[in-house]
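Note that the numbering runs from 1 along the sequence shown for the chain.
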Amino acid sequence: MAALGGKLPKKEDLGPTKTLITTRKFDEVRLLTNYSSEFNGWFAKWLGGKPAISEVKLKKPTDYASIFEIANQELESLKSSKAWAETDLCLHLSPGTPAMTAVWLLLGKTRFPCTFYETFGGKSWITDVPFDLIDVIPEVLRDPDAHLQHLAAQAPAEIEGFEDIAGDSRAIRDAVGRAKRAAIRNVTVLLVGESGTGKEMFAQAIHKSSNRRDKPLRSVNCAALAKSLLESELFGHNKGAFTGADSDRKGLFEVADGGTVFLDEIGECDLETQAKLLRVLQPVTGEGPSVRYIQRLGDDKDRRVDVRIIAATNKDLFAAIKKGEFREDLYYRLAGISISLPPLRDRKTDIPKIAERFMGLLNTQFEADQPGYEHKSLSASAIAFVKSQSWKGNVRQLYNALMQAAVLTDGKSIGRKEVAASIAEMPDSGGPFSGFADRPLGDEFDLEEHLNDIHSHYLRRAMEESGGVKAKAARLLGMKNYQTLDAQLKRLDVTGNWGTET
């Protein structure tokens, strides 16, 4: 024994797993073990924190194939869960054999981007693994496309051109990684997502991170213009082409020559305009992928332009194709790369960051309008509340709710009630408890507070419908007397412009 190096463990040594659990806080801890159930029960009790134990069969602790199969299966089960979009995966490298560490590194740097932790001497820390697998691939394979495979592991703030996109969720990382890959190629891009998911912001980011960043980006909302105006807006017109065409005019394709044209709400184009767009998007033999030939209205002369196309829609184009409302051949011309933008309900962990950024923008705007304006911030309860909402209007609805709350709040801190009131004012919001049955549990969910929201909503509604007559409002709510209603209004601090008539 004297010839061996190292020291015997001391009684107070916690070991790597308990050290991590003691020094860091996790919502859930999962342990993979091939020890006996009796030992696992004792170990879990000693660790504390009620870790989830997964008992596995492993013949040898150096069997790479078995270790990979077990670890990959465990992570796949996590990935298939409903909570995966809001999960920040953490992997502990210190326990186990070198083979186990190697497998965790492989999986954590490829299929399951994560945060790595290590422990030693009673301390824990986040380990920055300073390489990607791209670093060990032969130089001949190290091209931009291979590098971009790893962009899903980066937050938007770390990617040039995408800094204005707030959030760090896996859903937004995947979308940004795909958009960055598309940006370096002169291919058409189709952005698909609900209203308010940031399609225009993504179009701007793709343009800024492309080799066309120094050239113009021009946008048009295809749903906002009549057919004749849209054609003129896109392709331009010659003098006399139609009533009111008093002079020659360049369209967006000519103005954006060398740059990018963003066609928002492309799904709203009529079939005739779609046919003309299809002609423009046809590849030109022997020329670059973004070379187009257009004709102005009232002209039979082809004009050559080099324009990259980004289109966006919140419409189900496949359903529109089946109905004969959208050309299938145009779809495939537009969808060189298709990028689906996630709604806010699928990226809950991003909502606090987005809300804080919006508050910064609002404070800057209000200060410019009103010198000496005191900046406002969201309280902890307000942040928890905005995170719990479904936000059917996505970032646009969130911004409007925060703006209303900021305008109507007297103090420096915007509370939960102010934000809830702002949401209640919006169409189709369903009030502050919209989608209450599906509201996610955990993550600061407070049942009593949630029920009070519902209670307050109906009290306020009854007072409004009764014109402020408490006796009538009490009858609407099935109460025996207005004194009961009055007590509840005071308890829940429900107020309005309905007066004090009983």
Subject >> Side-chain ion pair, Asp299 and Lys301, N-O less than 4.0 Å >> reply: no

Original post:
Is Glu328 paired with Lys322 through a side-chain N to carboxylate O contact shorter than 4.0 Å?
Top reply: no

How many angstroms lie between [atom1] in [X] and [atom2] in [Y], if you round to the nearest 0.5 Å?
X: Leu263; Y: Glu233; atom1: CG; atom2: CD; value: 11.0 Å
X: Asp248; Y: Leu297; atom1: CG; atom2: CG; value: 11.5 Å
X: Ile339; Y: Leu191; atom1: CD1; atom2: CG; value: 5.5 Å
X: Thr409; Y: Leu402; atom1: OG1; atom2: CG; value: 10.0 Å
X: Leu230; Y: Cys269; atom1: CG; atom2: SG; value: 5.0 Å
X: Ile172; Y: Thr197; atom1: CD1; atom2: OG1; value: 8.5 Å

Should [X] and [Y] count as side-chain neighbours, where that means a heavy-atom distance under 4.5 Å?
X: Ile383; Y: Lys387; result: no
X: Val305; Y: Val280; result: no
X: Ser338; Y: Val192; result: yes
X: Phe112; Y: Glu76; result: yes
X: Arg303; Y: Ile294; result: yes
X: Leu93; Y: Tyr117; result: no
X: Lys208; Y: Asp164; result: yes
X: Asp302; Y: Gln295; result: yes

Any sub-3.5 Å donor-acceptor pair from [X]'s side-chain atoms to [Y]'s backbone N or O?
X: Ser422; Y: Glu418; answer: yes
X: His237; Y: Glu231; answer: no
X: Asp257; Y: Asp306; answer: yes
X: Gln397; Y: Lys392; answer: yes
X: Ser290; Y: Asn186; answer: yes
X: Asn211; Y: Ile184; answer: no
X: Arg345; Y: Trp391; answer: no
X: Arg218; Y: Glu254; answer: no
X: Lys199; Y: Ala312; answer: no
X: Glu356; Y: Ile354; answer: no

Between [Y] and [X], is there a side-chain donor-acceptor contact under 3.5 Å, judged purely by atom types and distance?
X: Thr127; Y: Glu118; answer: yes
X: Asp350; Y: Ser169; answer: yes
X: Arg333; Y: Thr188; answer: no

Could you tell me whether [X] atom [atom1] has more than 12 heavy atoms of other residues or ligands within 6.0 Å of it?
X: Glu28; atom1: CD; value: yes
X: Asp369; atom1: CG; value: yes
X: Lys215; atom1: NZ; value: no
X: Glu160; atom1: CD; value: no
X: Gln73; atom1: CD; value: no
X: Lys250; atom1: NZ; value: no

Original post:
According to the interplanar angle, ranging from 0 to 90°, do the rings of Tyr331 and Phe318 count as parallel (below 30°), tilted (30 to 60°) or perpendicular (above 60°)?
Top reply: tilted

Which atoms form the tightest heavy-atom contact between [X] and [Y], and what is the distance?
X: Ala183; Y: Ser210; value: O-CB, 3.3 Å
X: Ala182; Y: Val187; value: O-CG2, 4.1 Å
X: Ser381; Y: Arg416; value: OG-CB, 3.6 Å
X: Lys315; Y: Ala320; value: CE-CB, 4.4 Å
X: Arg327; Y: Ala275; value: NH1-CB, 3.8 Å
X: His207; Y: Pro216; value: CE1-O, 3.5 Å

Subject >> Pairs touching residues 250-304 that satisfy ring-ring contact (aromatic ring centres under 6.0 Å, His included), sequence neighbours left out >> reply: Phe235-Phe253

**OP:** List the steps and the verdict of side-chain contact (heavy atoms from CB on, under 4.5 Å) for Trp104 and Leu75.
**Re:** CA-CA 10 Å; Trp104 288 129; Leu75 295 178; 4.0 Å; yes

Original post:
Under the side-chain contact (heavy atoms from CB on, under 4.5 Å) criterion, do Leu106 and Tyr64 qualify, and how do the steps go?
Top reply: CA-CA 11 Å; Leu106 173 66; Tyr64 282 92; over 6 Å; no

Subject >> Criterion side-chain contact (heavy atoms from CB on, under 4.5 Å) on Val419 and Gln389, from CA distance to verdict >> reply: CA-CA 11 Å; Val419 180; Gln389 298 303 295; over 6 Å; no

Subject >> Test log, rule side-chain contact (heavy atoms from CB on, under 4.5 Å), inputs Arg308 and Ile206 >> reply: CA-CA 11 Å; Arg308 197 257 188 85; Ile206 291 171; 4.1 Å; yes

